[in-house]
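Below, chain A is the first sequence line, B the second, and so on; all start at residue 1.
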Number of protein chains: 2
Amino acid sequence: MKEIEQLNHSIIEFYDKLSSWEHAVVREQNISLAQVHTIEVLGSHGAMRMKELADRLGITTGTLTVQIDKLVNAGFIARRPHESDRRSILVDLTDSGRHLYREHDDLHLALTQDITANLDKDQRKILQLCLSKMNNEF
Amino acid sequence: MKEIEQLNHSIIEFYDKLSSWEHAVVREQNISLAQVHTIEVLGSHGAMRMKELADRLGITTGTLTVQIDKLVNAGFIARRPHESDRRSILVDLTDSGRHLYREHDDLHLALTQDITANLDKDQRKILQLCLSKMNNEF
DNA sequence: AACTTTACTTTGACAATCAAACTATATAGC
DNA sequence: GCTATATAGTTTGATTGTCAAAGTAAAGTT
């Protein structure tokens with residue numbers, strides 16, 4: 001098999017395993033995958049407009065509106081007006097939402113530590129470099 | 001920031017970007033994300049029992065049953081009895097399903113080529129090694 | 001000022017999902 | 001061999017996630 005094909009399938013396998021892991025983790029908490037994903041994006045990028053959040057999540061703004069309604073209701077997210085564009089609304093995590101984000105992020109961190117435990121320092125460094133470069137190319 | 005935290009967030013970002021990409025790709029074809037994911041797993045691992053497939057997809061067998069019904073109806077998947085366990089059913093891709101899988105896999109390959117274009121030979125080799133090791137640790 | 005675009009919400013229809021109940025088969029313990 | 005008990009898959013009812021399309025309001029363009 002060509003090297004690039006092997007790399008391709010390793011990436012797909014990695015993605016699938018992360019996906020399964022996320023499913024399992026979320027199932028144990030009392031929140032849906034879509035909701036925790038929303039919180040993840042806000043937690044790592046900070047407050048943003050509905051449109052931008054919808055684009056990042058890969059869903060329409062119509063879908064996002066009802067999703068945000070639920071998260072506001074649950075106390076994890078707050079809406080506030082955009083300073084300069086009165087059409088826009090900024091959504092952001094509440095304290096409770098930020099707490100949930102950190103909790104979830106800690107689970108991710110523990111996973112990352114687990115799966116990279118067998119890599120040596122140099123490998124980890126190059127992995128980081130590769131990921132950064134790849135993330136820039138999307 | 002600690003190196004491991006940086007690595008963690010790069011992994012999450014990579015996962016998110018792959019996820020968005022997959023959403024966008026699937027939207028353009030006439031099939032849902034859940035369905036293409038099912039086809040991906042069967043395409044790369046071959047025929048398997050409902051239970052195993054459900055586990056790999058991170059969904060219940062109840063959900064999978066209706067999903068498979070649709071895919072059988074669309075001609076992408078066929079059910080056949082398990083040779084030795086009469087409770088079990090094997091699901092597998094049809095020729096049409098395999099064609100769809102290859103088409104989708106080619107898109108993944110093109111993406112992989114794109115995002116790794118700026119890596120040199122050594123980096124790509126170590127990336128492959130890291131992914132293999134990480135995939136084994138899940 | 002009129003037109004067009006953009007941001008968000010609402011609505012109606014459908015797909016995805018789970019939990020729980022159900023059927024059929026397999027396995028374990030006696 | 002019987003009788004539990006466990007496992008594989010399906011069905012059902014309820015909920016959630018999703019989109020497309022239509023609606024409202026504000027911003028940008030001409």
Side-chain angles (χ1 to χ4, degrees), chain A residues 16 19-42 47-74 76-92, chain B residues 16 19-42 47-74 76-92:
Chain A
D16 282 350
S19 186
S20 293
W21 176 86
E22 188 99 20
H23 259 101
V25 159
V26 161
R27 187 89 29 93
E28 285 169 16
Q29 300 174 323
N30 207 10
I31 190 165
S32 74
L33 192 52
Q35 291 180 342
V36 85
H37 199 187
T38 302
I39 286 173
E40 271 187 312
V41 171
L42 287 178
M48 64 182 72
R49 290 179 300 122
M50 292 287 287
K51 186 62 170 62
E52 183 179 358
L53 183 54
D55 285 346
R56 282 188 192 272
L57 293 170
I59 60 179
T60 63
T61 56
T63 301
L64 185 58
T65 294
V66 305
Q67 196 63 257
I68 295 294
D69 283 347
K70 284 178 197 157
L71 288 167
V72 166
N73 227 285
F76 296 130
I77 282 184
R79 284 182 169 97
R80 65 168 195 269
H82 191 285
E83 305 129 21
S84 59
D85 186 342
R86 283 195 297 168
R87 293 170 306 179
S88 291
I89 284 180
L90 288 178
V91 283
D92 199 3
Chain B
D16 282 350
S19 187
S20 293
W21 176 86
E22 188 99 20
H23 259 102
V25 159
V26 161
R27 186 88 31 94
E28 285 169 15
Q29 301 175 324
N30 207 11
I31 190 166
S32 74
L33 192 51
Q35 291 180 341
V36 86
H37 198 188
T38 303
I39 286 173
E40 270 187 312
V41 171
L42 287 178
M48 65 182 71
R49 291 179 301 121
M50 292 287 288
K51 187 62 170 63
E52 183 181 357
L53 183 53
D55 286 347
R56 282 188 193 270
L57 293 171
I59 59 178
T60 64
T61 56
T63 300
L64 185 58
T65 293
V66 305
Q67 197 63 257
I68 295 294
D69 283 346
K70 284 177 196 158
L71 288 167
V72 166
N73 228 285
F76 296 129
I77 282 185
R79 285 181 168 98
R80 65 170 194 267
H82 191 284
E83 305 129 19
S84 59
D85 186 342
R86 283 196 296 167
R87 292 170 305 179
S88 290
I89 284 179
L90 289 178
V91 283
D92 199 4

Given B:T38 and B:I77, is the side chain to side chain contact (heavy atoms under 4.5 Å, CB included) satisfied, shown in steps? CA-CA 10 Å; B:T38 303; B:I77 282 185; 4.2 Å; yes
A:H82 versus A:D85, closest heavy-atom pair with distance: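 Smallest heavy-atom distance, with atoms named: ND1-N, 3.1 Å.
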For residues B:V66 and B:T63, report the shortest heavy-atom separation together with the two atoms involved.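 Looking at all heavy atoms of both residues, the shortest contact is CG2-O, 3.1 Å.
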Mind calculating the distance between [atom1] ([X]) and [atom2] ([N]) to the nearest angstrom?
X	N	atom1	atom2	result
B:L71	C:dA15	CG	C1'	12 Å
A:H82	D:dA27	NE2	C1'	12 Å
A:L33	D:dG17	CG	P	10 Å
B:I31	D:dT18	CD1	P	17 Å
B:I68	D:dA8	CD1	P	16 Å
A:R80	C:dC8	CZ	P	13 Å
A:H37	D:dG17	NE2	C1'	14 Å
A:Q35	C:dT17	CD	C1'	13 Å

Syn or anti for C:dA7, with syn set at within 90° of 0?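 In terms of base orientation relative to the sugar, C:dA7 is anti.
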Could you check A:L90, A:D69, A:L71, A:D92 and say which one makes a side-chain contact (heavy atoms from CB on, under 4.5 Å) with A:R79?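 Passing option: A:D69.
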The contact string for nucleotides 22-27 of chain C, one letter per nucleotide 5' to 3', using protein heavy atoms under 4.0 Å with B, S and - for base, sugar-phosphate only and none, comes out as ---BS-
Pair partner, C:dA26 [Watson-Crick or wobble, under 3.5 Å]: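 When the pairing criteria are applied, D:dT5 turns out to be the nucleotide that pairs with C:dA26.
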Who is the Watson-Crick or G-U wobble partner of D:dT12, with both distances under 3.5 Å?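 D:dT12 is paired with C:dA19.
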Start with the C-alpha gap between B:I68 and B:L53, add the side-chain angles, then the distance that decides, and say whether side chain to side chain contact (heavy atoms under 4.5 Å, CB included) holds. CA-CA 10 Å; B:I68 295 294; B:L53 183 53; 4.1 Å; yes
B:D16 vs A:H37, test: side chain to side chain contact (heavy atoms under 4.5 Å, CB included). Steps then yes/no. CA-CA 9 Å; B:D16 282 350; A:H37 199 187; 3.0 Å; yes
Is the phosphate of [N], meaning OP1 or OP2, less than 4.0 Å from a side-chain N or O of [X]?
X	N	answer
B:K70	C:dA16	yes
A:Q67	D:dG17	yes
B:R27	D:dT18	no
B:S32	C:dA16	yes
B:R79	D:dT10	yes

Position toward the 5' end of DNA chain C (nearest nucleotide), A:H23 or A:D69: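 Nearest nucleotide further toward 5': that of A:D69.
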For DNA chain D, find the residues of residues 51-63 of chain A with a heavy-atom distance under 4.0 Å and give them by number; none if there aren't any.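 The answer is A:G58, A:I59, A:T60, A:T63.
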With a 4.5 Å cut-off on side-chain heavy atoms, are B:L57 and B:Q67 touching?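 Not in contact.
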Could you go through the side chain to side chain contact (heavy atoms under 4.5 Å, CB included) check for A:V36 and A:E22 one step at a time? CA-CA 10 Å; A:V36 85; A:E22 188 99 20; 3.9 Å; yes
Between B:S20 and A:R56 (side chain of the first, backbone of the second, donor and acceptor by atom type, cut-off under 3.5 Å), is there such a pair?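 The answer is yes, because a donor-acceptor pair under 3.5 Å joins these two groups.
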Closest-nucleotide ordering on DNA chain D, the 5'-leading residue of A:V66 and B:T65: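 The answer here is B:T65.
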Going by an N to O cut-off under 4.0 Å, is there a salt bridge joining A:R49 and A:D55?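 Answer for the salt bridge query: no.
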Mind checking A:S88 for me? I need base, sugar-phosphate or nothing, with any heavy atom below 4.0 Å counting as a touch.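 Sugar-phosphate contact only.
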